Amino acid sequence: MREILGLMELEGFPPRYNIAPTQPILVAVAAPPLDPGSNRPDRMAVLVRWGLIPSWVKDPREFTLLINARSETAIDKASFRAAMRHRRVLVPASGFYEWHRPPKESGEKLQAYWIRPKRGGIVCFGGLMETYMSKDGSELDTGCILTVGANRTISEIHDRMPVVIEPQDFARWLDCRHGEPRDIVDLMRPADEDYFEAIPVSDLVNKVANVGAELQTPVIPPPKKQKPATDRSDDGQMNLF
DNA sequence: CCAGACGTTGTT
DNA sequence: GTCTGG
DNA sequence: CCAGACGTTGTT
DNA sequence: GTCTGG
């Protein structure tokens, strides 16, 4: 991931297997303009609270937790408009969890899935951040992840999925100095059908107190046909969500 | 115009 | 701060 | 799901 | 008839 993002700050960042809203997440942002000849990286890593707080919020305690933003509407929403223009970020992860909620009548149980790139490695989600100034003068960096309608593969599980930004689009996504929202709308689209694989996992993941690698151990879900996951092991560097 | 909301998803 | 609903 | 709206203007 | 708001 360090190689992918060009960040220096990632050494020694431990793997995390169950990141819940309000917890810190690592994001990549564009660094301030470089001096000519500088070899400083043009991106930097920031830890933000997962749950965006717009700058105009009076009392964060009474404000809804904004962990996702719909990419179709974020440009026009008061809560996301400024961040969409000025504070786009990349959120690196080794995948995400999603829950399949069967119709109540079906009798099927809620099934959790660990969803990761088929090729393994790191995926970068499109996200937004804000720096919130509280009344006591302290700053709180917060962020959220953009979503888009699920592709056919993921829609078996859920109707939405995170926006995936490909490496060749990182620079354009992050360049908020020149790139306006209309210049990046094309990047907010469902991932290719074969980009992700969904691995059924146990309901251990449902409890945020469970945080170990065993959360990603494949299970065979009871009734429906579901291809068991491979046992290809993860690189263990950065297991977000 | 003015007052009030400002969001998503449904357990990540 | 900006948008929406009345 | 059901009830209610279904339109525009917004300084005349 | 269809959409929206609760």
Side-chain angles (χ1 to χ4, degrees), chain A residues 15-27 48-87 91-106 108-116 123-135 142-150 154-164 180-181 188 196 198-216 219 221 238-241:
Chain A
R16 297 156 71 202
Y17 297 91
N18 202 3
I19 298 179
T22 75
Q23 293 178 354
I25 57 175
L26 186 128
V27 306
V48 305
R49 188 196 77 145
W50 190 11
L52 184 139
I53 305 175
S55 60
W56 42 262
V57 166
K58 304 259 188 337
D59 183 359
R61 294 167 305 182
E62 292 178 13
F63 195 76
T64 314
L65 198 60
L66 301 175
I67 62 175
N68 294 120
R70 295 177 66 92
S71 59
E72 301 92 329
T73 54
I75 287 172
D76 299 314
K77 296 287 186 181
S79 292
F80 304 125
R81 191 181 161 82
M84 200 67 195
R85 172 67 185 85
H86 297 293
R87 285 171 290 280
V91 185
S94 48
F96 63 101
Y97 296 114
E98 197 56 83
W99 284 262
H100 176 55
R101 296 171 178 76
K104 269 209 301 275
E105 313 78 48
S106 77
E108 287 178 60
K109 260 186 56 186
L110 194 70
Q111 176 63 54
Y113 289 84
W114 162 234
I115 301 172
R116 67 176 180 186
V123 56
C124 281
F125 301 133
L128 305 172
M129 75 169 280
E130 284 283 1
T131 299
Y132 182 73
M133 300 281 291
S134 38
K135 273 184 291 197
T142 67
C144 69
I145 293 171
L146 288 153
T147 66
V148 70
I154 302 298
S155 66
E156 301 289 318
I157 299 169
H158 193 64
D159 63 341
R160 308 287 301 172
M161 69 186 296
V163 167
V164 172
E180 310 205 2
M188 300 188 292
F196 285 113
I199 301 166
V201 294
S202 81
D203 52 15
L204 280 176
V205 69
N206 299 6
K207 201 167 162 38
V208 299
N210 298 324
V211 296
E214 69 278 7
L215 296 184
Q216 292 170 0
V219 301
M238 184 63 75
N239 293 276
L240 297 178
F241 318 115

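The structure presented is a predicted model; accordingly, all values stated were derived computationally and were not measured. First the proteins, then the strands, lettered A, B, ... as listed; each starts at 1.
- Separation of the P atoms belonging to B:dC1 and D:dT12 is 10 Å when rounded to the nearest angstrom.
- Residues passing the side-chain contact (heavy atoms from CB on, under 4.5 Å) test with A:L65 are A:P21, A:T22, A:R49, A:I67, sequence neighbours excluded.
- Taking atom CD1 of A:I145 as the reference point, atom C1' of B:dT8 lies 13 Å away to the nearest angstrom.
- Checked against side chain to side chain donor-acceptor pair (under 3.5 Å), A:T147 has the following partners two or more places apart in sequence or in another chain: A:R160.
- A:T22 comes within contact range of no nucleotide atom at all, as no heavy-atom separation falls under 4.0 Å.
- For D:dC2 and B:dT9, the P atoms lie 26 Å apart once the distance is rounded to whole Å.
- As rounded to whole Å, 17 Å separates atom P of B:dT12 from atom OH of A:Y113.
- Across all strands, A:S55 comes closer than 4.0 Å to no nucleic acid atom at all (heavy-atom distances).
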What is the per-nucleotide protein-contact pattern of nucleotides 1-6 of chain B, from the 5' end, where B denotes a base atom under 4.0 Å from a protein heavy atom, S denotes such proximity for sugar-phosphate atoms only, and - denotes neither? -----B
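- Within the 4.0 angstrom heavy-atom criterion, base atoms lie near A:V205.
- Phosphate contact (OP1/OP2 of B:dG10, side-chain N/O of A:R160, threshold under 4.0 Å): absent.
- Contact annotation: A:H158 side-chain N/O to B:dG10 OP1/OP2 distance is under 4.0 Å.
- For the side-chain contact (heavy atoms from CB on, under 4.5 Å) test, residues two or more places apart in sequence or in another chain that qualify with A:R87 are A:A82, A:A83, A:M129, A:E130.
- Considering only side-chain N and O atoms, A:T147 lies under 4.0 angstrom from the phosphate OP1 or OP2 of B:dT9.
- The distance between atom CD1 of A:I25 and atom C1' of B:dT12, rounded to the nearest whole Å, is 11 Å.
- Separating the CZ atom of A:F96 from the P atom of B:dT11 is a distance of 16 Å, rounded to the nearest angstrom.
- In 5' to 3' order, the nucleotides of DNA chain C bounding all contacts with chain A (an atom under 4.0 Å from a heavy atom) are C:dG1 to C:dC3.
- Applying the salt bridge (Lys or Arg N to Asp or Glu O under 4.0 Å) rule to A:E214 yields no partners; only residues at least two apart in sequence or on another chain are considered.
- A donor-acceptor pair under 3.5 Å is formed between the side chain of A:Q111 and the backbone N or O of A:V201.
- Qualifying ring pair (Phe, Tyr, Trp, His ring centres under 6.0 Å) partners for A:F63, counting only residues two or more places apart in sequence or in other chains: A:W56.
- Regarding A:N210, its CG atom lies at a distance of 15 Å from the P atom of B:dT12, rounded to whole Å.
- Between A:L26 and A:P92, the shortest heavy-atom contact is O-CD, 3.3 Å.
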How far apart are the C-alpha atoms of A:F196 and A:M161, what are their side-chain angles, what is the distance that settles it, and do they pass the side chain to side chain contact (heavy atoms under 4.5 Å, CB included) test? CA-CA 11 Å; A:F196 285 113; A:M161 69 186 296; 3.6 Å; yes
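- Under the ring pair (Phe, Tyr, Trp, His ring centres under 6.0 Å) criterion, A:F80 pairs with no residue, sequence neighbours left out.
- Separating the P atom of D:dG7 from that of E:dT2 is a span of 15 Å, rounded to the nearest Å.
- The base of B:dT8 is not paired with the side chain of A:N68 by any donor and acceptor separated by under 3.5 Å.
- Spacing of P atoms, D:dG4 relative to C:dG6, comes out at 15 Å, to the nearest Å.
- A:R49 places its CZ atom 14 Å from the P atom of B:dT12, with the value rounded to the nearest Å.
- By the side-chain contact (heavy atoms from CB on, under 4.5 Å) test, A:R85 pairs with A:E180, A:P181, sequence neighbours left out.
- In this structure A:D59 satisfies the side-chain contact (heavy atoms from CB on, under 4.5 Å) test together with A:R61, A:E62, sequence neighbours excluded.
- Residue contacts for A:L110: at a heavy-atom cut-off of 4.0 Å it reaches a base atom on one of the strands shown.
- To the nearest angstrom, P of B:dT8 lies 11 Å from CG of A:L128.
- Where DNA chain B pairs in unbroken runs of 3 or more (Watson-Crick or G-U, both distances under 3.5 Å), the stems are B:1-6 with C:1-6.
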Under 3.5 Å, which donor-acceptor pairs link side chains of residues 206-213 of chain A to any protein atom two or more places apart or in another chain?
residue : atom : partner : partner atom : Å
A:N206  : OD1  : A:W99   : NE1          : 2.8
A:N210  : ND2  : A:L204  : O            : 2.8

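- Side-chain atoms of A:N68 come within 3.5 Å of backbone N or O of A:I145 as a donor-acceptor pair.
- Distance noted for atom P between D:dA5 and C:dG5: 16 Å (whole Å).
- Computed from coordinates, the A:Q23 CD to B:dT12 P distance equals 12 Å when rounded to whole Å.
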